[in-house]
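Bear in mind that the values here come from a model prediction, so they are computed numbers and not experimental data. Each chain gets a letter, A, B and so on, in the order its sequence line appears, and its residues count up from 1.
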Amino acid sequence: MERLRQRADFLATATGTKVPAAAFVLQARKRSDEGPVRFGFTVTKKIGNAVERNRVRRRLREIVRHAKAARMCAGHDYVLIGRRAALTHTFARMAEEFEAALRRMHPEWQGNTSIA
RNA sequence: UCAGUCGGCUGGACGGCCGCUCCGGCAUUUCACCGAAAGGUGGCCGGGGAGGAAAGUCCGGGCUCCAAGGACAAACGGUGCCGGAUAACGUCCGGCGGGGGCAACCCCAGGGAAAGUGCCACAGAGAGCAGACCGCCCGUCUUCGCGAAAGCUUCGACGGGUAAGGGUGAAAAGGUGCGGUAAGAGCGCACCGCGCCGGCGGCAACGCAGGCGGCACGGCAAACCCCACCGGGAGCAAGACCGAAUAGGAGCGGCGCGGGACGCAAGUCUCAGGUCCUGUCCGGAUCAGCCGUUCGGGUAGGUUGCUGGAGGCGGCGGGUAACCGGCGUCCCAGAGGAAUGGCCGUCACGCAUGUGGCUCGCGCUACAUGCCUUACAGAACCCGGCUUAUAGGCCGGCUGAUAUG
RNA sequence: GCUGCCGUAGCUCAGUGGUAGAGCACUUCAUUGGUAAUGAAGAGGUCCACAGUUCAAUCCUGUGCGGCAGCA
């Protein structure tokens, strides 16, 4: 999984479309090139102390790792902003929410995948 | 057994599936991808992978750079009983002094207020080399009453004595007792306190006993200050190496040369700067621009610093202890938008609820279900401390009370 | 990583070792036919928390909590 590392990438992605969920907010932005999908994670200090912030980021990362790659479009940057509910919600429920958020993010792809 | 106090340890266990990162080995190693470059990423196997506080950043060091001839001082900041430990410390250990507690034990902190400056509100008569408000006593005068008188007694005024008692205050001119006195008072005596002197014990802080002095010297220096000791500054984003584009610097080569007027333009006319060769004139070169190329500095970026160390463990020796010495053994996290994880199963612990048993009751115990899967909390150059947070569990020393033998 | 500042009434801020104030806001009364303005009176405080120094702490010292700002 390619990771976003530069602050400029995060700022650029923040201008794209946003899809809120209970445990996170999903942001996406199409890049000009057709490179691989890249992911970034943002967990602010408002969420909690360092232990809780680390835990939110790790759970979100595992959700992305287990998600179906077909939903994600190449040449896009995604940013997941953690919320405090990511500490307590069950893993299966959060994975479901992530799939739903990807469907809302790319409605034109829903038809393609159902046909395929 | 109960209550207390001090110290130490621990901080869930086992397993399955899927991942992350570092190290080592093998393979690839003229390979593939990203990048302008520096450089980075990519396979398989094995091994390692958060804490007692990793936290707060309150101190002390190592390390690195900067500054500085050396030492001292000034300014500023810090520390402060004595001795020891240590690389060092504001830390630790042992002892001294004061306070609290029946005790185990706990808490506090230098000297100087007779070097100087300053503050001590309110209350109170008097508060800094301080004081007679009430009171007590004496004398004179007056007044009430008793009395034959001497005298006693009551009210008041004036003069004086007095620091015992009352009252104010955080603090009131050493404290308690006896004597003494008109009443009192270190006025005298005893004990305690205080000061001075020399003696003894102790490395020292200090302690012990003795003599002398009738007491002179209130508190605050976490108020200024004096004394002694310590401190050059910055911090791994330190520093080192590699190194685009753009702008700027230097060298070389080529082309070109400033201002004004007229003109659509080509061009024409006119005026002319700095430096050098020459002091002046003339003449010449060159600069006031552009392009190319080379060089050095250096930004973004990359690599490194980066983990073997005042290191851990075991037993031995020295020391009351903190700690030290030597021996054996082990290698034990190194990320970089930041790895050390996600999901699941079983068990242990804990909590809650229900049911059964024991019990007057508190409660104890067995089973079932549910919850938390643990409290506080995440390395960021590395160590030694301090402080703060912390569910539950375990071990040991000591003290007091009670019971039994 | 390093450094500085702040925390006082509902809000914005003074303040000093000796029982804590200002402006706005709030309540009541007066004024007006009524409202505003104005005038008078009043209420409201763990001086961020805990220890220590002091006779006495909002102030001095230490520790903690929260907030703001700066440098590299």
Side-chain angles (χ1 to χ4, degrees):
Chain A
M1 173 170 46
E2 285 267 326
R3 297 283 296 277
L4 291 180
R5 294 183 191 282
Q6 299 297 315
R7 174 174 166 79
D9 290 335
F10 282 85
L11 290 178
T13 309
T15 64
T17 50
K18 298 174 193 162
V19 176
F24 53 86
V25 174
L26 178 66
Q27 296 177 332
R29 170 179 161 270
K30 183 168 173 54
R31 278 176 288 138
S32 53
D33 59 292
E34 287 296 318
V37 174
R38 296 197 301 176
F39 266 93
F41 300 92
T42 296
V43 185
T44 66
K45 278 195 176 174
K46 274 197 281 186
I47 301 300
N49 59 22
V51 173
E52 289 172 331
R53 293 201 303 272
N54 274 344
R55 188 167 179 81
V56 165
R57 179 170 39 75
R58 285 163 176 162
R59 296 191 86 194
L60 292 178
R61 196 176 60 202
E62 285 295 304
I63 283 167
V64 171
R65 194 170 66 83
H66 285 106
K68 299 184 185 94
R71 297 282 184 200
M72 305 167 206
C73 307
H76 277 70
D77 284 344
Y78 295 90
V79 169
L80 279 169
I81 301 172
R83 307 176 102 170
R84 200 169 166 76
L87 283 174
T88 52
H89 283 193
T90 64
F91 193 76
R93 177 176 166 191
M94 287 167 61
E96 189 117 344
E97 283 179 355
F98 182 64
E99 292 286 326
L102 279 178
R103 277 196 298 274
R104 287 183 56 193
M105 181 68 73
H106 304 296
E108 71 278 9
W109 266 56
Q110 196 169 3
N112 292 351
T113 48
S114 60
I115 290 169

Applying a 3.5 Å limit to both distances, which nucleotide forms a Watson-Crick or G-U wobble pair with [N]?
N      : answer
B/G392 : B/U10
B/C364 : B/G357
C/G33  : none
B/A285 : B/U275
B/G147 : none
B/A55  : B/U387
B/C269 : B/G260
B/A250 : B/U294

How far, in whole Å, is [M] from [N] if one measures between their [atom1] atoms?
N      : M      : atom1 : value
B/G337 : B/U21  : P     : 13 Å
B/A104 : B/G400 : P     : 8 Å
C/G1   : B/A380 : P     : 7 Å
B/U278 : B/C264 : P     : 50 Å
B/A115 : B/U5   : P     : 48 Å
B/G126 : B/A75  : P     : 45 Å
B/G239 : B/G384 : C1'   : 25 Å
C/C11  : C/C47  : P     : 16 Å

Any idea if [N] is syn or anti, going by the 90°-from-0 cut?
N      : value
B/A50  : syn
B/A335 : anti
B/G279 : anti
B/C119 : anti

Residues that A/Glu97 engages under side-chain hydrogen bond (donor to acceptor under 3.5 Å, both in side chains), provided they are two or more places apart =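 Residues passing side-chain hydrogen bond (donor to acceptor under 3.5 Å, both in side chains) with A/Glu97: none at all.
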Tell me, please, which residues at least two apart from A/Arg83 pass side-chain hydrogen bond (donor to acceptor under 3.5 Å, both in side chains).
->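 A/Arg83 satisfies side-chain hydrogen bond (donor to acceptor under 3.5 Å, both in side chains) with no residue once adjacent residues are dropped.
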How long is the gap from CZ on A/Phe41 to CZ on A/Arg59, to the nearest 0.5 Å?
->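 Answer rounded to 0.5 Å: 13.5 Å.
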Separation of A/Glu99 CD from A/Ile63 CD1 (nearest 0.5 Å) |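 A/Ile63 atom CD1 to A/Glu99 atom CD measures 10.5 Å (nearest 0.5 Å).
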A/Glu52: partners by side chain to side chain contact (heavy atoms under 4.5 Å, CB included), with sequence neighbours left out =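 Only A/Asn49, A/Arg84, A/Leu87 meet the side chain to side chain contact (heavy atoms under 4.5 Å, CB included) criterion with A/Glu52.
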Of all residues at least two apart in sequence or in a different chain, which pass the side chain to side chain contact (heavy atoms under 4.5 Å, CB included) check with A/Gln27?
->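 With sequence neighbours excluded, A/Gln27 shows a side chain to side chain contact (heavy atoms under 4.5 Å, CB included) to A/Thr13, A/Ala14, A/Lys18, A/Val79, A/Ile81, given in chain and number order.
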With RNA chain B as reference, determine whether A/Glu52 or A/Thr42 sits nearer its 5' end, using the nearest nucleotide of each.
->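 With A/Glu52 and A/Thr42 compared, the 5'-side residue is A/Thr42.
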The contact string for nucleotides 340-345 of chain B, one letter per nucleotide 5' to 3', using protein heavy atoms under 4.0 Å with B, S and - for base, sugar-phosphate only and none, comes out as BBSS--
Classify the angle between the aromatic ring planes of A/Phe91 and A/His66 as parallel (below 30°), tilted (30 to 60°) or perpendicular (above 60°).
->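 Perpendicular, since the angle between the ring planes exceeds 60°.
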Please list, chain by chain and in numerical order, all residues satisfying salt bridge (Lys or Arg N to Asp or Glu O under 4.0 Å) with A/Arg104, sequence neighbours excluded.
->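 Applying salt bridge (Lys or Arg N to Asp or Glu O under 4.0 Å) to A/Arg104 gives none.
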In whole angstroms, how far is the [atom2] atom of [N] from the [atom1] atom of [X]?
X       : N      : atom1 : atom2 : result
A/Asn49 : C/G66  : CG    : P     : 12 Å
A/Arg53 : B/A50  : CZ    : P     : 21 Å
A/Asn54 : B/A377 : CG    : C1'   : 11 Å

Salt bridge (Lys or Arg N to Asp or Glu O under 4.0 Å) between A/Glu62 and A/Arg65, worked out = CA-CA 5 Å; A/Glu62 285 295 304; A/Arg65 194 170 66 83; 2.8 Å; yes
